[in-house]
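Everything below concerns the one structure shown next.
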Amino acid sequence: MKTVKPAEGETFDIELEEDLLRQNQELARKNHELLEKYNVHAVDILGSIGSGKTTIVQQLVKNLNGIYRMAAVAGDLTTTIDANRIQKKGASVIQANTGKECHLDANLVKKALAELDLEKLDLLFIENVGNLICPGEFPLGAHQRIVVVSTTEGPYMIVKHPYILMDASIIVINKIDLAEAMDVDLNQLKKDALNIKPELKVVFTNGRTGEGIKELIEALNLPRR
């Protein structure tokens, strides 16, 4: 009979990871309670680099300006490029730089929330770092999670990353204007998403032109103000 044993330090690493995830979940719960206290609805937005997350947030801010008092937390490794783009559309923005980390965590969002005047907000967009793997395990305390994928990522993007959809309520299939050029079947992408999670709302968008943004707002079903 063969016996397998963990390498030196391996068990500790697993226990440490589990402890970090538990701590993050507890902080996420506290973030959620804080948002509820001030009646701020938060939306966590995930997607790969180049999927169009920032453009989608820009369009949402543009279309909801004057209806909701909005702010955004822009997650990135080092730059403020995305934050600057969102701010130009009329939302207050907190830049959350993660350094070498590939995702936002609840502690960093907690610090961002402390910098916002929550009494003067109705809606908060949290744009995560461009990644479809790491962020899935780190809830932030938001009320909803959107996953953005684009046709330029190819026909297998969704089936290759099923776990990121498990806690999502909406999947945005962006850059639909490039589907034909990329030989991507939009209906198949929708089927792939619904095969993973049948209750997902699927929205097709062209972030550059704003096509599909009204449908995305309807899918969000935001609290009325």
Side-chain angles (χ1 to χ4, degrees), residues 14 17-18 20-22 24-25 28-29 31-32 41-57 59-60 73 75 82 98 101-106 109 124-208 210-222:
I14 293 172
E17 180 181 357
E18 290 177 348
L20 286 172
L21 292 175
R22 281 195 297 269
N24 184 83
Q25 288 174 346
R29 183 185 64 79
N31 287 345
H32 187 81
H41 189 85
V43 182
D44 183 15
I45 302 173
L46 283 63
S48 297
I49 295 174
S51 62
K53 298 187 304 299
T54 305
T55 304
I56 294 295
V57 176
Q59 288 285 2
L60 287 170
V73 175
D82 293 343
T98 64
E101 297 300 322
C102 59
H103 59 85
L104 291 177
D105 60 27
V109 170
L124 177 66
F125 295 112
I126 305 173
E127 182 186 346
N128 220 305
V129 177
N131 193 303
L132 277 181
I133 301 174
C134 304
E137 290 189 295
F138 288 84
L140 305 176
H143 295 81
Q144 289 178 273
R145 173 171 279 182
I146 296 174
V147 173
V148 180
V149 299
S150 70
T151 59
T152 55
E153 295 171 280
Y156 308 115
M157 188 62 177
I158 293 173
V159 294
K160 285 185 175 182
H161 296 87
Y163 300 110
I164 201 71
L165 297 177
M166 296 307 179
D167 292 326
S169 58
I170 301 170
I171 180 170
V172 174
I173 299 175
N174 193 32
K175 303 185 183 180
I176 56 174
D177 54 314
L178 299 176
E180 184 176 353
M182 297 302 299
D183 195 24
V184 169
D185 184 339
L186 294 176
N187 289 326
Q188 185 59 51
L189 290 181
K190 180 177 181 178
K191 289 179 183 178
D192 291 340
L194 295 179
N195 282 338
I196 294 168
K197 189 174 182 180
E199 62 269 34
L200 271 176
K201 296 177 182 178
V202 182
V203 181
F204 296 102
T205 62
N206 179 344
R208 291 187 304 120
E211 182 180 355
I213 297 301
K214 289 184 178 179
E215 288 77 8
L216 175 56
I217 291 171
E218 290 177 4
L220 282 167
N221 193 27
L222 297 170

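Numbers here simply count residues along the sequence, with the first being 1. For clarity, every value in this text was computed on a predicted model and none was experimentally measured. Worth knowing before you read on, the calculation uses all heavy atoms, side chains too, and leaves out hydrogens, waters and symmetry mates.
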Exercise for review: Determine whether more than 12 heavy atoms belonging to other residues, nucleotides or ligands lie under 6.0 Å from atom CZ of Arg208.
Suggested key: no
**Study point:** Nearest atoms (heavy-atom pairs only) where Ile171 meets Leu165
**Key:** CD1-CD2, 3.9 Å
Practice item. Look at atom CD of Gln188 and say whether more than 12 heavy atoms of other residues, nucleotides or ligands are closer to it than 6.0 Å. Key: yes
Revision key, fill the gap. Output for pair (Asn174 CG, Glu211 CD), nearest 0.5 Å, gives 10.0 Å
Exercise for review: Please name the pair of heavy atoms, one in Lys53 and one in Ile45, separated by the smallest distance, quoted to 0.1 Å.
Suggested key: CD-O, 4.0 Å
**Study point:** Atom pair NE2 (His103) and CG (Asn24), whose distance is rounded to the nearest 0.5 Å
**Key:** 7.5 Å
Check your understanding: Is Leu140 close to Asn128 at the side-chain level, that is, under 4.5 Å between some pair of heavy atoms?
Key -> yes
Review point. What is the ring orientation for His32 with His143, classed by angle as parallel under 30°, tilted 30 to 60°, or perpendicular over 60°?
Key: tilted
Study note, to complete from the structure: Rounded to the nearest 0.5 angstrom, the CE-OG1 distance for Met182 and Thr151 is 6.5 Å
Point to revise | Ile146 and Leu220, any side-chain heavy atoms less than 4.5 Å apart | key: yes
Check your understanding: Do Val148 and Thr205 have side-chain heavy atoms sitting under 4.5 Å apart?
Key -> no
Check your understanding: Checking Asp44 side chain against Pro139 main chain: does a donor-acceptor pair fall under 3.5 Å?
Key -> no
Check your understanding: Can you name the nearest heavy-atom pair linking Ser51 to Ser150, along with the distance?
Key -> O-CB, 3.6 Å
Review point. Which pair of heavy atoms, one from Thr54 and one from Glu127, lies closest together, and at what distance?
Key: OG1-OE2, 2.6 Å
Check your understanding: Can you check whether Val202's main-chain N or O pairs, donor with acceptor, with Lys190's side chain at less than 3.5 Å?
Key -> no
Review point. Do you know which two heavy atoms are closest between Glu137 and Leu21, and how far apart they sit?
Key: O-CD2, 3.6 Å
Point to revise | Pairwise distance CD1(Ile170) to CG(Leu216) - rounded to 0.5 angstrom | key: 5.5 Å
Practice item. Using a 4.5 Å cut-off on heavy atoms from C-beta on, say whether the side chain of His41 contacts that of Gln144. Key: yes
Exercise for review: Begin from the C-alpha positions of Ile56 and Ile213 and carry the test side chain to side chain contact (heavy atoms under 4.5 Å, CB included) through to its verdict.
Suggested key: CA-CA 8 Å; Ile56 294 295; Ile213 297 301; 4.1 Å; yes
**Study point:** Working for side chain to side chain contact (heavy atoms under 4.5 Å, CB included), residues Val147 and Leu132
**Key:** CA-CA 9 Å; Val147 173; Leu132 277 181; 4.0 Å; yes
Practice item. Hey, could you give me the CE/OG distance between Met157 and Ser48, rounded to the nearest 0.5 Å? Key: 3.0 Å
Point to revise | Donor-acceptor under 3.5 Å (Asp167 side chain, Arg145 main chain) | key: no
Point to revise | Residues, nucleotides or ligands: over 12 heavy atoms within 6.0 Å of Lys197 NZ | key: yes
Exercise for review: Please report the closest heavy-atom contact between Phe138 and Asp105, naming both atoms and the distance.
Suggested key: CD2-CB, 4.2 Å
Check your understanding: Got a second to check how far Lys201's NZ is from Glu215's CD, nearest 0.5 Å?
Key -> 13.0 Å
Check your understanding: Are any non-hydrogen side-chain atoms of Val149 and Leu189 less than 4.5 angstrom apart?
Key -> no
